[in-house]
Structures are given as structure tokens and as C-alpha cells.
A.B. asks: 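Can you read through this structure? Questions will come right after.
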Amino acid sequence: MSQSRQRKPDAHQARRVPFGIRRARNRPSGRAAVRRPSRGLIPCGGSRADIFSSLGSVSGTVSESGTMSSDVRVRFAPSPTGYLHIGGARTALFNYLFARHHRGTFILRIEDTDRSRFDKGALAEIYESLRWLGLDWDEGPQAGGAAGPYVQSERAALYREHADELLRSGKAYRCFCTPDRLDRVRKERERAKAPTAYDRHCRNLPGGEAEKLLASGTPHVIRLAIPDGRTVSFDDRIRGHIEYDASVLDDLVLLKSDGLPTYHLANVVDDHHMRISHVFRGDEWIASTPRHILLYEAFGWPPPVFAHLPVILSPDGGKLSKRKGAASVMDYKRGGYLPEALFNFLALLGWSPGDDREKMSRPEMIQAFSLEKVSPKASVLDEKKLAWMNGLYLQDASVDSLRGTVVQWWKDAGVVGAEAGADDPHFAKVISLMKDRSKTIAELTENAAYFFADPAAYEEKAARKHFKERAPELLRTLARALEQAPSFDHASLEEIYRAQAEEAGVSAGKLIHPTRLAVTGVSFGPGLFELLEVLGRETVVRRMHRAAERVEKGKSHHAE
RNA sequence: GGUCCCGUCGUCUAGUGGUUAGGACUCAAGGUUUUCAUCCUUGCAACAGGAGUUCGAUUCUCCUCGGGACUACCA
């Protein structure tokens, strides 16, 4: 019995291993463990990497107090074809956490080799999203760095050189097949229910034919010649050993006929030259990884460590899409979530610190982050839980840190004028009153409307309960008392109400509820006396008289 | 069709051969509060199925089922 109680701390201790060592997942690999010194994971060599040699090789293990930087270099490599998807953001986040944990380098690289799908707005949104989440990159566009440029369209010559190199060594070949023929072959294979891989038609063109076609300017691509009779395997850091039979791999296109590289070539070349040590990317890349490994082999480069992250699903189990609600980082910003909360929530989607902690500061997450605790399983984004966590952050946030954002929301909602200043002390009071009882800034904005405009209607159910026929008289009596109150702070107001209640021989609630409804139109909200104080005497008295009139005119049961 | 990945409460997860399978969100009930929210207490709720290995499987192996990815001169 005591045995099992003691297991937990022990297990926890055992998890604190240097980053370069991990146990294997329980995949059908027959391998007991994947243990490699960190240094072996770092791609090195290759002429272009020489400029980095001054960095030398330092230990990848970071001591708790150490400030030593490591050889860990990771990158987030989005394609600027659309908004930054929340799943992509999570991938970026894990890269970031890993880099910071190991005091390594977090790189941003833009993969814009598909000219037809390039979208300038998308690129701007990616930067904005990353910055908003606080995922600052050490190298990349807008940040610079020795391995630049970090935009692939600016590196076209480099890819061509490397494609040529492979051509010369016979590891790649020119393919003159027309899209038409490719299509035809594929369809035939589909019909025959055979693998749809490219049939390698151009791999062994009869002598001289390739040269002839080339000389005549026939459009062509460059394909990697996948070797026969091989198995290709790699040890995915979160999935364990994965093995492919090379015969199922097709001769992938390296260089397109427009002279630009495909993802595969650009990715491998850049990861090598940028000395990327660990590649964390979405799991849709798993099937391409063996081809990438073969490409590294063809170049004679050691591959980086791979870890494929699971996807984030919508509550219905499908892909998260705009159609179903929020899918991009900016959607969540527009939804009124705090970046710190989203960061925390996203970190916990697919990763856990191994204990029960949920709300964690960024340094805590960085400290605790480890690949071993990353789950291979796709996860569903539960907005209810996100809202809960956001509420926690809203409570803990200072009014000062919130006021800029919140006041902007109010302006956008039209509840305050565009000329309003965020430093208005009145705004600060409203925020401090409302932030603890709101889950999002959107909700805070909605619930704070009565601070800026008299209620247009009274909550029906509450009106039936609190606006009985004696209400007008009651409200006017209270209004008079408030008019004469020597001071309009919440403590004095409470005294007045308690005294009035005692005088009338009723519970304070009998006065409080009608007052709240009269001044806000709703039956819930902050403590009444703090509320009245912030609203101010004039507003309160006016609204109470107004409510009294409305009750008399029988308009009180207008639904809101 | 082929190849690969994944499978613990509704959801996020802990768990690495022996646990009353733990926590969190949601939901429900109660308590605190002038209301709401917070907070506190309690409750509902899971190892996809089947074989095998083992004294013993949530945990290891295999199969089935279910979900997903890839199978572009897109990433």
C-alpha cells in the first residue's frame, strides 16, 4: 500500500533525464530504447554549415541554473497561404517551449515556394498571431540571423544548386512527363487498385533522349531516385520507431518546372543549412519523412531528430475549420481570449507536465516541458475549458494590464466613444469590478454595458419578482436617501441600506434586488454597493426614478 | 486500393504488470454570498473489442473494429 504511494515521486525523479536521452515508445520495434547522446543528433558537416562552426559543440543538457546556450535549434515553418491555424500555433508553441527549455534557438522560416497560393495578408497574419501569443523567434524574418534569408523564395538559387548536385551524382533525374501523362498513369493505377506511385518512366530514358528533350527546352522537373530494396526507418521522438519499405515510396519531385523547389527539397536543404537539430511538425508529414531521410542520405547529411505532433480537432471530431467557429489564432483573439490563457491552454493540449498542474506561468511551462510527455493522440479543443482557463487569467490579471485591450473592445462595441482614453480612472473601476466575473473580454464588454448607458429594459423574470406594485414607492424612497447621502462610497451606501431595511423591518435583500434591477436592468453583477459607487450618484438616482416610472406605466415586463 | 499514425470518463489528461484507475473542464446536488461569478463539499462518468504472454494486464504482443494522415510540379 505504501509502496504505491511512494511510486509517484520516484517516477517523477526518473523523468528528469537529459534531453538527448529518452526511452522508446512501446512501438512494435523490438528496440528496447533509443538512447543517443545529444551531440549525435545535431546535423553538422556540409560546406555551408561551416560558418557556424565557431559555435562549437556544447552540451545539450542544461543545468537548472545554467545560462549556457545549447545546440538545440528548432524551427516553425509555416506556409503563407492562409491564417495561422490553431494547430499550427500549437506546433509553433511546442517548438518554442522546447527551444526555451534547452536554451536553444527558435527559428521562423517562411515556406512560400508555391507562388500560386502565396497570400501577403496571410503572411502578415502569421507574424501578428505569433507575436500576439508571445512566440518570439530568435532568427527569422524581422529578426535576422546568420542562416538567412529565412524566406524560401529568396533562396531559390540554393535549392537549384543542390538539385544539380544530385543530378550530377545520379541520385536524381530529370522527368519530362506531362501532367497529362501523370494523371493518366495515376488513374489507371487507381482503377487497378494498385499503389498510385509515379511509374519512374523517365528514370531510365533510352540513351541520349533526356539530353535531346533538355536541349529542345521541354519543361521538366527533377525527381529523387528512390533506391530499391531498402527499408527506411527513423525514431520519432513521440511515436517511437517507424519503418517504411522504400518500394512504397515514389520518386518525389524535388524541383518543379518553374524552377522552384517543392516542400521536400527546400525543407531538407534549409533544415540542414540552418542547422536544425529537431524537427517538430504536424503528423501529416509522417509519410513524407522516409523520403526526407533518403534525401538527407543522398546529400550525405545526418538527418535531424523528428517528432510529429498530433492534430487539433473540433468538438465534433472533425477538422477545426472556420465554418465550425474559431480555427485561427486571430479568431480566439477576436473571441476575447487573453494570449497568456490561450498559450497555457494550447500547451496542455497534447502535453502535460506529468502532475496535476494546469494553470502554469510561462517560465513554469518552459521548465517543465519535455517531449516525453507529449501525447501522440489527436485532441479536441474544448472551448468551455478554454473559457474557464481564460476566466482564471482574467481574475489574476491586473487592471492596468487589461485596460488597453478592454477599452479598445468597448470602443469597437460602441459603448464608449472613440476619443476615450484608456487611462480614464472610471474605466479602471469598471474593469476591476467586472473582470473577476467574466470569462472572456467579450463577456466583460457585454456585461459592462450598463456602466455606459441606462438599461433599455429590465430582465423579465427578475422584474416580476422585484418590481411589485410597491416598487415605485420603494425606489423613490431609496433614491431620496441616496440623494442625501453625505458620501457616495460603498461603505456609506451599505450603511444607508441596512438602516433603511431595519427601519422598514425587512431584510436588506428586499431593497438590494429592486435597486440592482433598476440601475442595471439585470439580476446579477458585482456587489451592489461597489456597483452604485462606480455608477455614481447622479446616474443611480436617475435610473431609480426612471425605473419607478416604468413600473407605474406597466412597462416593466418588457423583455430585454 | 496501398502505406503509415492514433485509441483511458462527453472533453483535456495522469498512469510504463499488482491503484477503490487519479486530477481538470462540463453537468447535477448542496454550502458560503444581497444577486451573479468566485470559493468549498459531494455526485455522475472511462481503460474500443477479442485472443495471447504472465500468478496477475489499462500497461507487453497479435488480430479485429473505429478514427485520422499521406498517396500533387500544395505545403
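Every chain is numbered from 1 and lettered A, B, ... according to where its sequence line falls, protein lines coming before strand lines.
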A.B. asks: With sequence neighbours excluded, what pairs up with A:Ala481 under the side-chain contact (heavy atoms from CB on, under 4.5 Å) test?
C.D. replies: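 Expected list: A:Ile496, A:Gln500.
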A.B. asks: Among the nucleotides B:U3, B:U13, B:A24, which one has an atom lying closest to any side-chain atom of A:Ser379?
C.D. replies: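 Per side-chain heavy atoms of A:Ser379, the pick is B:U13.
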A.B. asks: Could you state the atom-to-atom distance from OH of A:Tyr244 to P of B:U3 in whole Å?
C.D. replies: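 After rounding, the reported distance stands at 11 Å.
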A.B. asks: In residues 117-127 of chain A, what donor-acceptor pairs under 3.5 Å come from side-chain atoms, sequence neighbours left out?
C.D. replies:
| from | atom 1 | to | atom 2 | distance (Å) |
| --- | --- | --- | --- | --- |
| A:Arg117 | NE | A:Asp114 | OD2 | 3.3 |
| A:Asp119 | OD1 | A:Gly121 | N | 2.8 |
| A:Asp119 | OD1 | A:Ala122 | N | 3.2 |

A.B. asks: Can you check the distance between B:U34 and B:A46, where both ends of the measurement are the C1' atom (answer in whole Å)?
C.D. replies: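 Going atom to atom, C1' in each nucleotide, I get 42 Å.
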A.B. asks: Go through the structure and list residues passing side-chain contact (heavy atoms from CB on, under 4.5 Å) with A:Val380, not counting sequence neighbours.
C.D. replies: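 Checked A:Val380 against side-chain contact (heavy atoms from CB on, under 4.5 Å); matches are A:Leu313, A:Pro315.
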A.B. asks: Report the base-pairing partner of B:A14 (Watson-Crick or G-U wobble, both distances below 3.5 angstrom), or none.
C.D. replies: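 When the pairing criteria are applied, nothing turns out to pair with B:A14, so the answer is none.
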A.B. asks: Go along nucleotides 26-46 of chain B 5' to 3' and tag each nucleotide: B for a protein heavy atom under 4.0 Å from its base, S when only backbone or sugar atoms are that close, - otherwise.
C.D. replies: S-------BBBBS--------
A.B. asks: How far does the C1' atom of B:A21 sit from the matching atom of B:G15, given to the nearest Å?
C.D. replies: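 Between the two C1' atoms, the distance is 8 Å.
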A.B. asks: Under a 3.5 Å cut-off for both contacts, is B:C9 paired Watson-Crick or G-U wobble with anything, and if yes, with which nucleotide?
C.D. replies: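 The base-pairing partner of B:C9, which may sit in any strand shown, does not exist here.
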A.B. asks: Is there a Watson-Crick or G-U wobble partner for B:U59 with both distances under 3.5 Å, and if so, which one is it?
C.D. replies: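 Across all strands, not a single nucleotide pairs with B:U59.
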A.B. asks: Which residues satisfy the ring pair (Phe, Tyr, Trp, His ring centres under 6.0 Å) test with A:Tyr497, sequence neighbours excluded?
C.D. replies: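 Residues passing ring pair (Phe, Tyr, Trp, His ring centres under 6.0 Å) with A:Tyr497: A:Phe529.
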A.B. asks: Once the angle between the rings of A:Tyr337 and A:Tyr332 is folded into 0 to 90°, is it parallel (under 30°), tilted (30 to 60°) or perpendicular (over 60°)?
C.D. replies: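 A:Tyr337 vs A:Tyr332 ring planes: tilted.
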A.B. asks: Could you let me know what B:U54 is paired to, Watson-Crick or G-U wobble, both distances under 3.5 Å, or none if it's on its own?
C.D. replies: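 No nucleotide pairs with B:U54.
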A.B. asks: Under the rule for side-chain contact (heavy atoms from CB on, under 4.5 Å), what residues qualify as partners of A:Asp250, not counting sequence neighbours?
C.D. replies: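 Per chain and number, A:Asp250 pairs via side-chain contact (heavy atoms from CB on, under 4.5 Å) with A:Ala197, A:Tyr198, A:Arg291.
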A.B. asks: Return the pairing partner of B:C47 with a 3.5 Å limit on both distances, Watson-Crick or G-U wobble; otherwise return none.
C.D. replies: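 Base partner found: none.
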A.B. asks: Ignoring the backbone of A:Leu349, work out which of B:U3, B:C6, B:C12 is nearest its side chain.
C.D. replies: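 Nearest nucleotide to the side chain: B:C12.
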A.B. asks: In whole Å, measure the gap between the P atoms of B:U58 and B:C73 for me.
C.D. replies: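 These two P atoms come out 47 Å apart once rounded.
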A.B. asks: Write down the partner of B:U32 under the Watson-Crick or G-U wobble criteria, each distance required to be under 3.5 Å.
C.D. replies: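 B:U32 is unpaired by these criteria.
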A.B. asks: Which residue lies toward the 5' end of RNA chain B, A:Glu190 or A:Pro315, if each is placed at its nearest nucleotide?
C.D. replies: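 It is A:Glu190, whose closest nucleotide lies nearer the 5' terminus.
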A.B. asks: Quick one: A:Asp355 CG to B:U13 C1', roughly how many Å, whole number?
C.D. replies: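 Rounded to whole Å, this separation is 12 Å.
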A.B. asks: Say we look at B:A48 and B:C12: how far apart would their P atoms be, to the nearest angstrom?
C.D. replies: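 Their P atoms lie roughly 14 Å apart.
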A.B. asks: Quantified in whole Å, what is the P atom distance between nucleotide B:G7 and nucleotide B:U42?
C.D. replies: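 Comparing P positions in B:G7 and B:U42 gives a spacing of 32 Å.
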A.B. asks: According to the side chain to side chain donor-acceptor pair (under 3.5 Å) rule, which pairs have a member within residues 79-89 of chain A, sequence neighbours left out?
C.D. replies: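 Not a single pair qualifies under side chain to side chain donor-acceptor pair (under 3.5 Å).
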A.B. asks: Expressed as a whole number of Å, how far does the C1' atom of B:G66 sit from that of B:G49?
C.D. replies: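 Their C1' atoms lie roughly 10 Å apart.
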A.B. asks: Please enumerate all residues that pass side-chain contact (heavy atoms from CB on, under 4.5 Å) together with A:Glu188, with sequence neighbours excluded.
C.D. replies: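 Scan of A:Glu188 (side-chain contact (heavy atoms from CB on, under 4.5 Å), adjacent residues dropped) gives A:Arg184, A:Arg191.
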A.B. asks: Using the P atom as the reference point in each nucleotide, state the distance between B:A45 and B:G10 in Å, no decimals.
C.D. replies: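 Nearest-Å result for B:A45 against B:G10 at atom P: 10 Å.
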A.B. asks: List the protein contact pattern of nucleotides 64-75 of chain B with one symbol per nucleotide (5' to 3'): B for base contact, S for sugar-phosphate-only contact, - for none; contact means a heavy-atom distance under 4.0 Å.
C.D. replies: -----SSSSBBB
A.B. asks: Across the strands shown, which category fits A:Phe345 at heavy-atom distances under 4.0 angstrom: base, sugar-phosphate, nothing?
C.D. replies: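 Result for A:Phe345 = nothing.
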A.B. asks: Side chains of A:Asn390 and A:Thr440: is there a donor and an acceptor less than 3.5 Å apart?
C.D. replies: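 Result is no, nothing qualifies.
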A.B. asks: Are the aromatic ring centres of A:Phe369 and A:Phe94 under 6.0 angstrom apart?
C.D. replies: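 That pair passes the under 6.0 Å test.
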A.B. asks: Could you work out the separation of B:U59 and B:U19 based on their C1' atoms and round it to a whole Å?
C.D. replies: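 The same atom, C1', in both gives a distance of 12 Å.
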A.B. asks: Just name whichever nucleotide pairs with B:C70, Watson-Crick or G-U, keeping both distances under 3.5 Å, else none.
C.D. replies: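 Per the H-bond distance test, B:G2.
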